[in-house]
Amino acid sequence: MRKVSIIGTGMMRFMKRDTVNMVDFAWPVVRSAILEAGVDPKSIGAAYCGSAASGSMPGQRVLKRLGLTGIPISNVEGACSSSAIALRHAALAVATGECDIALAFGVDQLNLAGKTLVHRTEDWDFANGLAMPGLYAMRAQRYMHDYGVTIEQLTKIAVKSKKYGALNPWAHFQQEVTPEQVMNARMVADPFTVLHCCPRSDGASAVVVCASDIAHRFSSKPVQIVASIQRSGKMMTGFRDMTMPESTQRAARELYEQSGLGPEDIDICEVHDAFTVNELLYSDALGFSKPGEAVQLLEDGDFDIGGRIPLNISGGLVSRGHPIGPTGIAQIVEMTYQLQGRGDKRQVEGAKLAMTHVTGGGVAGLDHGAVTIHILGV
């Protein structure tokens, strides 16, 4: 299998865009990735579009605007993990020699659809009213109970996210907040106020990948996809530990084994923080902390720029926003910027290895429907 590198990125500000068609804001993002890569569009051998709420054939609808038709265009739905899975398939297409250059992008317009994830009545959790804020509120309450974490500490995560979101031109929210503003905001699901939760955003993100042995033809500093893994949750009908995301922990262990790396080798990371408690849950699951000890890393500043493992320096989902489909590649774009030294005011100096982690979907009986983790390096 050939090594694969990222040579072009496209990104837009995630925000509410309910007055335009999805294709209108998506195609310029894809075009930006192609232009940055400097490749002839005719050399792109395959394209993969990650989307969770855009209806049929979003990839074809977007790429038609660019004249990128006739090639294999695959549409990937994996809930919040959709575009991360799309990138994985694009990388595999290059790695296996199917093509030398591939495109991956994500797009969704949740505010026009008026909804996020739709489940059917066979999903007994959903049928009985368990929405994502309620699920993660229960996880937060269990984590707080078991490890002595306080609402003030969860609030510190929200404040951190807004601080870094204010430095990110692509972020939905670009204003810092005080702990008092977070605590006094509208309650969503105890213990979360609205400022502990990610917004429902619209947007698109894109990357161009190619075989690493030709990457320097297009980029002065290509970013290699060092390792990639996708797993689904295991069906469990009995007790589940709500403080330890099983699928993330299992996928991370397998990824470390495959790559020969460990959590101590990662310089910077983006995790799926749809709610503030997720930074703690996924720090534990990814091995950056022992169970229950992530809050000490937070208190010690280890999740900040200059800390041991800067976490969600983009502002994360809580501030950058969460359009569902494009989120995974948005993380990839952020980590590509960091590894190329393009992080501007949020740059983590000396970062050589970066990780992105995104889960997807709540399916009754499963920890998650999908989890996708990538390690990038220079």
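Nothing here was measured: the structure is a model prediction, and the numbers come from that model.
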> Do Arg139 and Tyr136 form a cation-pi contact, if we require the NZ or CZ to be under 6.0 Å from the six-membered ring centre and within 45 degrees of the ring's axis?
yes
> Give a yes or no on whether Leu281 and Leu297 share a hydrophobic cluster (residues Ile, Leu, Val, Met, Phe, Trp, Tyr; joining criterion: side-chain heavy atoms under 4.5 Å apart).
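Both belong to a single hydrophobic cluster.
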> Go through the steps for Ile266 and Ile309 under the test side-chain contact (heavy atoms from CB on, under 4.5 Å), then give the verdict.
CA-CA 7 Å; Ile266 306 301; Ile309 179 67; 3.9 Å; yes
> Would Leu103 end up clustered with Val76 when hydrophobic side chains under 4.5 Å apart are linked, directly or stepwise?
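Unlinked, Leu103 and Val76 end up in two clusters.
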> Evaluate the side-chain contact (heavy atoms from CB on, under 4.5 Å) criterion for residues Val29 and Phe105: first the C-alpha distance (whole Å), next the side-chain angles of each, then the deciding distance (0.1 Å), finally the verdict.
CA-CA 9 Å; Val29 174; Phe105 66 101; over 6 Å; no
> Could you go step by step and tell me if Leu286 and Thr248 meet the side-chain contact (heavy atoms from CB on, under 4.5 Å) rule?
CA-CA 7 Å; Leu286 293 169; Thr248 292; 3.8 Å; yes
> Applying side-chain contact (heavy atoms from CB on, under 4.5 Å), run through Met242 and Leu135 and close with a yes or a no.
CA-CA 9 Å; Met242 298 191 76; Leu135 171 62; 4.0 Å; yes
> Charged N to carboxylate O under 4.0 angstrom, Asp24 versus Arg65?
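Between Arg65 and Asp24 there is a salt bridge, with a charged N closer than 4.0 Å to a carboxylate O.
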> Do His272 and His322 have ring centres separated by under 6.0 Å?
yes
> Please list, chain by chain and in numerical order, all residues satisfying salt bridge (Lys or Arg N to Asp or Glu O under 4.0 Å) with Arg250, sequence neighbours excluded.
Glu246
> Looking at Glu334 and Arg320, does any basic side-chain N land under 4.0 Å from a carboxylate oxygen?
no
> side-chain hydrogen bond (donor to acceptor under 3.5 Å, both in side chains), that's the test. Do Ser247 and Asp367 meet it? Break it down for me.
CA-CA 6 Å; Ser247 57; Asp367 168 55; 2.6 Å; yes
> In plain terms, say whether Arg2 and Asp100 are close enough for a salt bridge, that is, a side-chain N and a carboxylate O under 4.0 Å apart.
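Judged by the 4.0 Å cut-off on N to carboxylate O distance, Arg2 and Asp100 do form a salt bridge.
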> Quick one: OG on Ser74 to CE on Met57, what's the gap to the nearest 0.5 Å?
9.5 Å
